[in-house]
Amino acid sequence: QAFHSERRYDRTLSLFQEMIDRKLRIPPHAYNLVICGLCNEEKVNEAHRLLDDMLNKGYIPNLAIYTALIDAFFKVNNKEQALVLLKQVEDKGYRLDKVTCSTVINGLCKVGEVEKAKEFLGQSRETGLDVNAFSYCSIIDGLGKAGKIKEAEEVFEEMLERGCVRNAHCFNAFIDGLCKAAEMDTAMAVLRDMEKEGCEPTVYTYTILIDGLFKSHKSEEALKLWDEMIDRGITPT
RNA sequence: GCCGAACAUUUUG
């Protein structure tokens with residue numbers, strides 16, 4: 001547990017191996033920790049095998065484990081397996097929660113299936129699931145990276161209509177889309193909206209904008225923003 | 001309640 005909390009997954013794993021070697025009985029929670037560790041190291045297939053082990057022993061994996069695996073499959077670009085697991089989870093009668101929902105949405109966006117992600121968001125909302133800022137943020141980010149600024153803006157506005165508070169992640173994702181589309185004036189305007197809405201810009205916000213300004217050959221403005229950032233006590237990473 | 005999810009710069013040297 002301690003190794004896991006410190007993200008020392010290699011140590012978690014070797015202890016786990018030791019338990020197996022000594023033929024100790026492995027409690028479900030040990031599986032949870034090791035599966036998460038393997039997922040974080042992109043050893044998805046090993047993680048998936050351990051999930052099967054659990055099932056064979058009659059243990060019931062919780063939703064968090066399935067979510068970690070779905071996320072990991074998306075991160076190694078294996079959309080098919082991710083969706084197979086999602087279907088299994090649904091078939092087993094688990095009630096999806098907001099974390100699983102946003103994991104699926106983020107995964108779909110990252111593999112370039114933003115439209116499917118939007119569909120999933122719509123379905124989730126209809127089934128009464130909380131769709132939170134995480135989910136919207138992934139979609140805004142995905143649309144922005146695909147150059148679909150207009151659509152990104154629509155989703156960004158939709159958040160307000162649906163009463164979902166827009167945090168810095170959402171603003172940053174939207175501003176990033178604008179910068180990548182070289183719409184620097186709008187991007188700067190959104191920065192000011194952000195402040196008006198009471199949302200504090202972060203290092204990410206400034207990095208995104210400064211990078212965009214330089215790439216649009218607006219060095220003076222970029223340097224001005226840099227100073228503004230420093231004045232606010234925000235340190236570049 | 002806990003565990004599981006989102007944004008930038010760089011990324012073989």
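Each chain gets a letter, A, B and so on, in the order its sequence line appears, and its residues count up from 1.
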Could A/Glu46 and A/Arg49 be called an ion pair, given the rule that one side-chain N must be under 4.0 Å from one carboxylate O?
-> no
Has the side chain of A/Thr127 got a donor or acceptor atom that lies under 3.5 Å from a matching backbone atom of A/Ser124?
-> yes
Can you tell me which stems involve RNA chain B, if a stem is defined as three or more consecutive Watson-Crick or G-U wobble pairs, both distances under 3.5 Å?
-> none
Does A/Asp71 come within less than 4.0 Å of A/Lys110, counting only side-chain N to carboxylate O?
-> no
Within this structure, what is the CD1-to-P distance between A/Ile208 and B/U9, rounded to whole angstrom?
-> 8 Å
Pairs meeting criterion side-chain hydrogen bond (donor to acceptor under 3.5 Å, both in side chains) with involvement of residues 10-29 of chain A, two or more places apart = A/Gln1-A/His29, A/Arg8-A/Asp10, A/Arg11-A/Ser14, A/Gln17-A/Asp21, A/Glu18-A/Arg22
d(CG, A/Leu209; P, B/A8) in whole Å = 13 Å
How close or far is atom P of B/A8 from atom CD1 of A/Ile234, stated in whole angstroms?
-> 17 Å
Can you give one letter per nucleotide of nucleotides 1-6 of chain B, going 5' to 3': B for a protein heavy atom under 4.0 Å from the base, S for sugar-phosphate only, - for none?
-> --BBBB
Tell me: CD1 of A/Ile139 to C1' of B/C7, nearest whole Å?
-> 14 Å
Which ILVMFWY residues are connected to A/Phe3, directly or by a chain of links, through side-chain heavy atoms under 4.5 Å apart?
-> A/Leu15
Atom-pair distance (CE on A/Met229; C1' on B/U9), nearest Å = 11 Å
Which side-chain N or O atoms in residues 35-44 of chain A pair as donor and acceptor under 3.5 Å with protein atoms at least two apart or in another chain?
{"residue": "A/Asn40", "atom": "ND2", "partner": "A/Tyr9", "partner atom": "OH", "Å": "3.4"}
{"residue": "A/Asn40", "atom": "ND2", "partner": "A/Cys36", "partner atom": "O", "Å": "3.0"}

With sequence neighbours excluded, tell me which residues meet side-chain hydrogen bond (donor to acceptor under 3.5 Å, both in side chains) with A/Tyr31.
-> A/Lys57
A/Thr100 side chain to A/Thr103 side chain, donor-acceptor N/O pair below 3.5 angstrom | no
